[in-house]
Amino acid sequence: QVQLVESGGGLVQTGGSLRLSCAASGLPFSMYTMGWFRQAPGKEREFVAAINSGGGGTIYADSVKGRFTISRDNDKNTVNLQMNSLQPDDTAVYSCAAGPYWPTRSRYIYWGQGTQVTVSS
């Protein structure tokens, strides 16, 4: 069974930081692209960031570029999302995803349940 489990969400004030983590199991993690998505209430899910299997390539949504950093540790089967300068519009459920394609902002196969990030104004 493939499992992606997110952690690190919470409540933070505008301008603050959070670090999300996603622990993966049941898949060849080091061979997969990993991505982060978010979905706010009443809105569609949107792409946030992705990192290729080796960790040397990254892509970001324009809305988070310069504020968020995606990284991975293939020895620990984890992918992280460092979120700085958080804004109320960043409030959403953040989910990690895995897939065999690179680059892609949409083609993912496995998904986690998500972790809530709330940014207060």
Side-chain angles (χ1 to χ4, degrees):
Q1 292 183 337
V2 173
Q3 285 194 324
L4 303 175
V5 181
E6 302 91 342
S7 62
L11 175 64
V12 65
Q13 294 182 348
T14 297
S17 298
L18 284 173
R19 185 176 178 86
L20 306 183
S21 294
C22 173
S25 61
L27 56 80
F29 182 82
S30 63
M31 299 176 65
Y32 270 67
T33 295
M34 298 298 298
W36 285 97
F37 291 77
R38 66 187 184 186
Q39 187 169 24
K43 296 183 179 180
E44 295 296 318
R45 184 182 65 197
E46 67 173 336
F47 171 81
V48 176
I51 187 166
N52 70 355
S53 60
T58 58
I59 51 177
Y60 296 92
D62 289 342
S63 59
V64 307
K65 190 173 297 183
R67 300 188 298 121
F68 291 10
T69 303
I70 189 170
S71 61
R72 68 190 295 159
D73 187 339
N74 285 348
D75 292 330
K76 297 181 178 179
N77 286 5
T78 59
V79 61
N80 305 306
L81 186 69
Q82 178 66 47
M83 305 185 296
N84 299 327
S85 301
L86 284 162
Q87 305 165 4
D89 284 348
D90 296 318
T91 295
V93 174
Y94 284 71
S95 301
C96 67
Y101 308 107
W102 179 262
T104 181
R105 298 171 183 257
S106 61
R107 301 286 297 277
Y108 294 85
I109 297 175
Y110 304 110
W111 298 83
Q113 288 290 310
T115 185
Q116 177 70 47
V117 171
T118 302
V119 184
S120 62
S121 60

* **Aromatic contact, F68 with W36 (centres under 6.0 Å)** =>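 Not under 6.0 Å, so no.
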
[X] side chain vs [Y] backbone, donor-acceptor pair below 3.5 Å:
X    : Y    : result
R105 : G35  : no
R72  : G55  : no
T91  : V119 : yes
N74  : F29  : no

* Asked: Given the rule in the side-chain contact (heavy atoms from CB on, under 4.5 Å) test, do R38 and S63 qualify, once you have shown the distances and angles that lead to the verdict?
  -> CA-CA 12 Å; R38 66 187 184 186; S63 59; 3.5 Å; yes

With hydrophobic residues grouped by side-chain heavy-atom distances under 4.5 Å, do [X] and [Y] end up in a single group?
X    : Y   : result
Y101 : V48 : no
V64  : F47 : no
I51  : V2  : yes

* Find out whether P88 and T14 are in side-chain contact, i.e. whether some heavy atom of one side chain is under 4.5 Å from a heavy atom of the other. => yes

* **Heavy-atom side-chain proximity of P100 to M31 below 4.5 angstrom** =>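 P100 does not reach M31 side chain to side chain.
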
Starting at [atom1] of [X], measure out to [atom2] of [Y] and round the result to the nearest 0.5 Å.
X   : Y    : atom1 : atom2 : value
L81 : F37  : CG    : CZ    : 12.0 Å
C96 : E6   : SG    : CD    : 4.0 Å
S25 : Q1   : OG    : CD    : 9.0 Å
L11 : Q116 : CG    : CD    : 9.5 Å
S30 : D75  : OG    : CG    : 9.0 Å

* Asked: Do other residues, nucleotides or ligands put more than 12 heavy atoms under 6.0 Å from the CD atom of Q113?
  ->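 Count not over threshold, so no.
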
* Within 6.0 Å of CZ in R19, more than 12 heavy atoms from elsewhere -> yes

Nearest non-hydrogen partners of [X] and [Y], listed with the distance:
X    : Y   : result
G8   : L18 : O-CD2, 3.8 Å
S17  : N84 : OG-OD1, 2.9 Å
T104 : A50 : O-CB, 4.2 Å
M34  : C22 : CE-SG, 4.4 Å
N52  : T33 : CA-OG1, 4.2 Å
A92  : A40 : CB-N, 3.8 Å

* Once the angle between the rings of Y110 and Y32 is folded into 0 to 90°, is it parallel (under 30°), tilted (30 to 60°) or perpendicular (over 60°)? -> tilted

* To do: Kindly determine whether M83 and D90 satisfy side-chain contact (heavy atoms from CB on, under 4.5 Å), including the steps that lead there.
  => CA-CA 9 Å; M83 305 185 296; D90 296 318; over 6 Å; no

* From CA spacing to verdict: side-chain contact (heavy atoms from CB on, under 4.5 Å), L4, L27 -> CA-CA 10 Å; L4 303 175; L27 56 80; 4.3 Å; yes

* Run the side-chain contact (heavy atoms from CB on, under 4.5 Å) check on I70 and Y60 step by step: do they pass? -> CA-CA 9 Å; I70 189 170; Y60 296 92; 3.5 Å; yes

